[in-house]
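Each remark here refers to the structure printed beneath this line.
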Amino acid sequence: MKKMNIKIFSFLSVLILIGIWLLLTLSGWVKPLFLPGPKELYEVITTSYKDVFMHMGYTLIRQLGGFVIGSLAGIIVGLLIASNRYIEAFMDPIIEILRPIPPLAIIPLLILWLGIGALPQMLLVVFGCFVIVIVSTVEAVRNVPRIYINAARTLGANSFSVYRTIVLPAIIPSLVGAIRVAAGASFGLVVAAEFMGAQEGIGYYMIIAQRYLRTDMILLSIIIISALAWLTDQAIRILERRLTRWSERHS
Amino acid sequence: MKKMNIKIFSFLSVLILIGIWLLLTLSGWVKPLFLPGPKELYEVITTSYKDVFMHMGYTLIRQLGGFVIGSLAGIIVGLLIASNRYIEAFMDPIIEILRPIPPLAIIPLLILWLGIGALPQMLLVVFGCFVIVIVSTVEAVRNVPRIYINAARTLGANSFSVYRTIVLPAIIPSLVGAIRVAAGASFGLVVAAEFMGAQEGIGYYMIIAQRYLRTDMILLSIIIISALAWLTDQAIRILERRLTRWSERHS
Amino acid sequence: SESGDLTKVNVGLMPYYDYSPLAFAEEKGFFKAEGIDFKSTMFPVEGNVAPALVQGSIDIGAFSDTPSITLASQFPDLEMVSFHNVFKGFAIVGRKGSKTYDQLIKEGKDGQAAAVELGKQLKGKSIITTSGASFYMVIEQALKNAGLSKKDVKIIDMEPDQGASAFISGTGDFYLGGLPQREKLEQEGYPAIISGDQIGSGAVILAGLASTKKFVSEHPEVIQKMEKVWFKTLDYMQKHPDEAYKFVADWSNKQSGGKSKPADVKKFFTDYITFAHSKAEAQKLFYDPNSPTNWKKRYENLIQYHEESKEIKKGSVKLDQLVPAEKIFSDLK
Amino acid sequence: MNKLEIHGLSKVFQSQMGPVTALENIHFDVKEGEFISIVGTSGCGKSTLLNIISGLESHTTGEILLDQIPVQGPGSDRAVVFQSDATFPWLTVYENIEYGLKVKKIDPKQRKQIVEELLSLLELDKFSSAYPKELSGGMRKRIDIGRAYAVQPEILLMDEPFGALDIVTREMMQDELLRIWSERKKTVIFITHDLEEAMYLSDRIILLSPRPGRIKEVIPIDFPRPRSGQLRESQEFYQLRNQLRHIMGQ
Amino acid sequence: MNKLEIHGLSKVFQSQMGPVTALENIHFDVKEGEFISIVGTSGCGKSTLLNIISGLESHTTGEILLDQIPVQGPGSDRAVVFQSDATFPWLTVYENIEYGLKVKKIDPKQRKQIVEELLSLLELDKFSSAYPKELSGGMRKRIDIGRAYAVQPEILLMDEPFGALDIVTREMMQDELLRIWSERKKTVIFITHDLEEAMYLSDRIILLSPRPGRIKEVIPIDFPRPRSGQLRESQEFYQLRNQLRHIMGQ
Ligand SMILES: Nc1ncnc2c1ncn2[C@@H]1O[C@H](COP(=O)(O)OP(=O)(O)OP(=O)(O)O)[C@@H](O)[C@H]1O
Ligand SMILES: Nc1ncnc2c1ncn2[C@@H]1O[C@H](COP(=O)(O)OP(=O)(O)OP(=O)(O)O)[C@@H](O)[C@H]1O
Ligand SMILES: O=C([O-])O
Ligand SMILES: [Mg+2]
Ligand SMILES: [Mg+2]
């Protein structure tokens, strides 16, 4: 019963958003160029759904690949850094130099160095997810209660075992936030990456839309990206619930 | 002594990075167009340091403003969402719809709706930081050990007090990671924001550099952004050390 | 809005030589003399001028023919209020060792034949360019000359800046982009094989100013004054070339951090662009029905092309509504 | 007058391994000012019962009335000393003890007085500005106790509060608890696994049996008050202890 | 043969409020197979001493030798039952107890046998697949104990291990500890604040005095072994307890 009520609230908020959109567009208060209405949206969907599906597929492959590789690399390097003061001292400046580089800024350099293939596009997503996850991993490792590590060490675990059996499971709840942020960012990154000469993908579709100020296409792209991101987030949450059943947060 | 050794490692890594750069550029293996060398860098600095300083100032104001406002808003709304299942149910879909929207994708829409002033530029940074921090805040609140909340409630704290006196201090260590990620992202965002008709700022300087494929200017911009981001990160770390002295992680 | 007795006008520009006369006019106080409080907003990205104009951040924006048509299909309030120049400096850039138009002429070919031969060279090749951009028609025309169509080549569609990087890193056989990219590539040793004016009248661009119905109807006098200032400025620049070239070089360097010299500006002004320096020249360039660069012919062609390629909906752009420039021009006192 | 009435209370947890009945048909009253101890083997539901009384945990069936009104969630009228470490790590010792007073908006002067009294009672005065991480387990437990004392609750709920204390401190704390209790005449519900402690402190001992937690026996403790260290060494005390030990072992 | 030798050991913490001397000039030996208890008031340095022996904490001056070799960090030859809750919340009860065996790569069959034996000894068999959050405080403590028993350490270090257990479980656990100890003849160092517990279990009791932690007295306990429940009720036992209580109170 209570769960039902909560679902209704979620439903309501989506309904209100859609309601506002319908009100603004159907009343004619806002012109379609500024905010396309249901008519424009319907039209653009019916005329180009095939193209859009094709673009979506390409985008999804780049996003998923980049997100998974970048996040995994971030976790692994983060664990490495947090494991040893010397590694940390060595890696920290490199990470700190790389981390803030705006992906937009290196697009021309990446193209110069690597051309316009799938590699530099994926790399941009990998890089973006990597720097998000690595920082959170280092923080999460620092926040693992010492007593668990101490207990493991007195039970004979070496540094590697401690990492595998204690640090890794203990940081999962804290990592979830970072992974979710990285997943969200990966969609923004893949769009930026597809600015680098991709000839397909939602990012490409968006550039074309921007060039012609086709706000209907822009809106459709945003809806698609949001939907994909939402689905990804739901998947992460389901995975999380399975991985952190032991945690207090679910009781 | 040990501390000294660690510093040396950090120094070494920076030295190696610089060494590789010098080797690649001075040897002539890489042409200046692909990677500018010290000579080109020196030239662009001496000819345009005044402009660059001016641009830096503008960028910093937008970045700082957007970062602070966006992060604070993210924390506040995150606390709100985590405080009540109904608010969460209502807000969650809205956040989830907004969160994945790639900042790049909404630039033309933002210009259409709000023009090219400082407002939409700042807003883009605010938005980007907001969605990063909000997710982590909600996660961090969920990870606060229940016993602290229970203890506070049996000592007479109402929901608001529990939030202010328990949840807020308890999440600080976990929030540090998110704040650092947001600070890093804010520099990328401000560059994107300055694509929106800014008349000054490192982002503006960068577009011009891209237009003329001035890799020396691009490299200089990247160095400046990285340096600013590094300084911001250091400031956050110092603040963090002051705010989490109580935490086990520092012992 | 009025400030004192001056009318505030916010004009969106791009940091190109094409629009430097407006900056020069401001410098010389020509706008003030006409009662205009001129404020320029510099847009390094063309794509942002249109939304800024639609939103009202700027009153008038620098525009050229192709983008005005694609935008007008979305934004019927757009008005192309004046034409100021014919830009012919866009060029197809090739890899090192490619045959160029100049070589063919030297070998004794006539212009027409050289254009056809170079067009044929594109067959089966990949070309980096930007659909919807002002220079995009150059490729269409080059193919048309050789009896080819877009199906005979592979178009790699990307933003001009990034396209240039990709071209340098080895992507594509040919490149077509904006002038800054052309110059950069030439500097790096990639030859411009043929430029707009060499390809033919379909490959040159008409550029001028665009505004909105609202602004034009509320401030018809401002549009007139902008025209007057333009001709006054160009006249002055012709009479004082050294001062003008130096100013333009400095102005451009300030915008782009470049190192242009007055001589570069002079080359540009003579080789790449044809300015309407006077009313008479404008009449001859844009409004004479027999001119190869008559605006109406050009727009009719472009609309037809974009309707056929389905980039705009049939009938969505009405020529008389989009381009009141001729009427405004003929009303000029 | 009954301060607290519990009628037919039960508690079922939904766990990974199916439902667990932690408490079944619990029924007892607590008079105003009474000192009640709850004893029973590990896992028999003592903490669960205390959490339900505190309002932190819901119950499955039955009724729980505080001054004739159903319990509706936690409040400082029922301060709790928890079984596990519950000091706030981000507050100093002083601030931890002050916490409830600040939340209640007691004026700073009075606050200072109450906190300083407790600090010296708990022998924590030298550590008032230390953070919990710098203290021993027993010292942290004393902070929890001080924090609950400070708000002067109507009912003090204590879950093995002295379990981590050494015998000297523990006996001193027991005497102090009795002194404070007899001064204020507030109700105390006290969980312990130390039978002697329960006997020394209580008016009644409630003995729970495990799986599911039921009331096995209610034992009135009639030793005259005030009680002192001599009682602990008396013959009667020793006999009752062995008797209880036997009942528990059954 | 001395299993452990501690010479002139001291420990100074750098705290927020300046240096704190937790231990000063500690000097004692532990023979192979000996059962030593450490008692002392809260904050006198018992846990600190145990942490130093376990290798988790460094010492400031002095020497600590295990089989004549300086201690160099922790290892499963010195398993610890910590004072505070240290069960791994992400592992089930079974997996927690199995932990050290898995780390040591004991083969699965043997592992299963050891764990199941311990689960039934600790009366946790019904909860083997539960997560710690679903268990009571005392049950969690038993997991910690089982986990340390499982690795069969050379020295078992126990920091108030039975503090959270009810008297019945506690006495049973004491007897089981003695049984296991007498079978394996491994060394045990045991911290408790329960004097009777210390007397019942130990060969020697080391009494620490607080601030700074120093050895106040070393008391040999000569009750014959094997010891049983009767000893607890004997006159001698009762007398020694009161004697110790007096020494501590001084
Ligand atoms: N990390 C630390 N920083 C500063 N001081 C510390 C730290 N850990 C312990 N101390 C101090 O060292 C002393 C001894 O602490 P320890 O935990 O060893 O006491 P204990 O005898 O185990 O007490 P208890 O019986 O309460 O557990 C205490 O005064 C404590 O304040
Ligand atoms: N969140 C929970 N989910 C499932 N079962 C639970 C939960 N909390 C407690 N239990 C079960 O309820 C029973 C009673 O637990 P409780 O903590 O009340 O025991 P206790 O009497 O306080 O024990 P101890 O003396 O060891 O602290 C136990 O069997 C325990 O496994
Ligand atoms: O219009 C250009 O000069 O590119
Ligand atoms: Mg309990
Ligand atoms: Mg201790």
Side-chain angles (χ1 to χ4, degrees), chain A residues 6-7 9-10 12-14 17 33-34 85-86 89-94 96-97 99-106 108-109 112-113 131-132 135-136 139-140 142-143 145-146 173-174 176-178 180-181 184-185 187-188 191-192 195 206 210 213 215 218 221-222 225-226 229-230 233 248-249, chain B residues 6-7 9-10 12-14 17 33-34 85-86 89-94 96-97 99-106 108-109 112-113 131-132 135-136 139-140 142-143 145-146 173-174 176-178 180-181 184-185 187-188 191-192 206 210 213 215 218 221-222 225-226 228-230 233 248-249:
Chain A
I6 285 174
K7 281 248 168 83
F9 264 77
S10 288
L12 208 70
S13 88
V14 176
L17 273 187
L33 179 63
F34 287 82
R85 289 201 164 276
Y86 291 98
F90 189 83
M91 293 294 291
D92 216 39
I94 298 175
E96 287 304 302
I97 287 167
R99 200 164 73 86
I101 296 177
L104 276 182
I106 51 168
L109 291 180
L112 266 181
W113 295 339
V131 295
I132 289 175
V135 172
S136 304
E139 291 296 334
R142 292 205 180 121
N143 286 335
R146 279 225 72 80
S174 330
V176 168
R180 289 181 59 202
V181 167
F187 285 95
V191 168
F195 281 31
M206 246 179 207
Q210 293 190 12
L213 213 61
T215 39
I218 295 178
S221 308
I222 290 177
I225 290 284
S226 288
W230 185 82
D233 200 57
E248 268 185 310
R249 50 195 267 159
Chain B
I6 285 174
K7 281 248 168 82
F9 264 77
S10 289
L12 207 71
S13 88
V14 176
L17 273 186
L33 177 65
F34 288 82
R85 290 202 163 275
Y86 291 97
F90 190 82
M91 293 294 292
D92 216 39
I94 299 176
E96 287 304 302
I97 286 167
R99 201 163 74 87
I101 296 176
L104 275 182
I106 51 169
L109 288 181
L112 266 182
W113 295 340
V131 295
I132 290 174
V135 172
S136 304
E139 291 296 335
R142 292 202 182 124
N143 286 335
R146 278 224 72 81
S174 329
V176 168
R180 290 181 60 201
V181 168
F187 284 95
V191 168
M206 243 179 209
Q210 293 191 10
L213 211 58
T215 38
I218 295 177
S221 309
I222 291 177
I225 291 282
S226 287
L228 292 178
W230 185 82
D233 200 55
E248 268 184 308
R249 50 195 266 158

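Reminder, nothing fancy here: chain letters follow the sequence lines and each chain counts from 1.
Among residues two or more places apart in sequence or in another chain, the side-chain contact (heavy atoms from CB on, under 4.5 Å) test is passed with A:Leu17 by B:Ile94, B:Ile97. Judged as a salt bridge (Lys or Arg N to Asp or Glu O under 4.0 Å), and not counting sequence neighbours, the contacts of B:Asp92 are A:Arg237.
Of all the heavy atoms in A:Ser10 and B:Ala89, the pair that sits closest is OG-O, 2.8 Å. B:Phe9 and A:Phe90 make their closest contact through O-CD1, 3.8 Å (heavy atoms, listed as atom of the first residue, atom of the second, distance). Residues B:Pro173 and A:Asn143 share a closest heavy-atom pair of O-ND2, 3.5 Å.
A:Ala178 does not touch chain B: none of its heavy atoms, backbone or side chain, sits under 4.5 Å away. Both the backbone and the side chain of B:Ile132 come within contact range of chain A, with heavy atoms under 4.5 Å apart. For A:Leu112, the parts lying under 4.5 angstrom from a heavy atom of chain B are both the backbone and the side chain.
With contacts defined as side-chain heavy-atom distances shorter than 4.5 Å, the pair B:Val135/A:Asp233 does not qualify.
The candidate from A:Ala185, A:Pro93, A:Ala229, A:Ser221 with the greatest count of non-hydrogen atom pairs under 4.5 Å with chain B is A:Pro93. Annotation: maximal heavy-atom pairing with chain A below 4.5 Å, among B:Ser226, B:Ser13, B:Gly177, occurs at B:Ser13.
To the nearest 0.5 Å, the span separating CG on B:Leu109 from CD1 on A:Ile222 amounts to 5.0 Å.
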